[in-house]
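Worksheet: the structure to be examined is printed underneath.
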Amino acid sequence: MSDDDKALLHRGDARSSPYPMSRLAPAFQAPELAEEVARAESMLSARTSAKLRVIADQIKALQAEAHKVLDEARDEQALTHAECAFKRIPGKVYHLYRRGDGRTYFSMLSPADWNDSPPDAFAGSYRLETDYSWTSAERLDATDDTGQVVQQLLHIGGLAADDERDT
């Protein structure tokens, strides 16, 4: 054995050896190790791809939500800029009409008040909210079940208040 080979020999305890020290130790075959590494790499790639797909889906959903918010803001801005010859009061319903030249204006009179013959094209009725946003009259009767869903989730999680658990 040459001096170079002796430098490669493990001189510590057999338990800390980087290679088998006994004939009874399990044999390590390079092809098996390569397959195990390849399998681990494949699983890592699959997990990473799945996580990135979830993030990509979330990005798409956020982009869609951002477009929806911008569209709603554009619509509300158009309502806010409609002509109005009176003071707008939150909580009141106003009726939007469109003149022949495309300009819009609010009126306190509904199409029924005009005997269904308003002077200009009726564009819709809206309620002015306290935050100065507009709610379409079609959505005024729609029930908002968000609070009910939140209460159900709290109940499922065991976090509902005692008086709400009985219901």
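All residue numbers in this chain count up from 1 along the given sequence.
Across all non-hydrogen atoms, the minimal contact from Arg98 to Gly102 is NH1-O, 3.6 Å. Closest of all the heavy-atom pairs between Tyr97 and Pro111 is OH-N, 3.2 Å. The two residues Glu83 and Arg103 make their nearest non-hydrogen contact at OE2-NH1, 3.1 Å.
The existence of a salt bridge linking Arg99 and Asp101 is excluded, since no basic side-chain nitrogen approaches an acidic carboxylate oxygen closer than 4.0 Å.
Residues Leu154 and Gln151 form a side-chain contact, since some pair of their non-hydrogen atoms from C-beta on lies under 4.5 Å apart.
To the nearest 0.5 Å, atom NE2 of residue His67 and atom CD of residue Gln63 are 6.0 Å apart. Note that OG of Ser107 and CG of Asp120 are 10.0 Å apart. Values are rounded to the nearest 0.5 Å. Note that CG of Leu62 is 11.5 Å distant from CD1 of Ile55, once rounded to the nearest 0.5 Å. Going from atom OG of Ser110 over to atom NE2 of His95 covers 4.5 Å, rounded to the nearest 0.5 Å. We find the CZ-CG distance between Arg47 and Leu52 to be 12.5 Å, quoted to the nearest 0.5 Å.
Between the side chain of Ser45 and the main chain of Glu41, no donor-acceptor pair closer than 3.5 Å is present.
Checking Glu76 against Ser133 by side-chain atom types alone, no donor-acceptor pair falls below 3.5 Å.
With sequence neighbours excluded, the residues satisfying side chain to side chain donor-acceptor pair (under 3.5 Å) with Asp71 are Arg74.
Taking a 4.5 Å side-chain heavy-atom cut-off between Ile, Leu, Val, Met, Phe, Trp and Tyr, the cluster of Tyr132 extends to Leu79, Phe86, Ile89, Tyr94, Leu96, Phe106, Met108, Tyr126, Leu128, Trp134.
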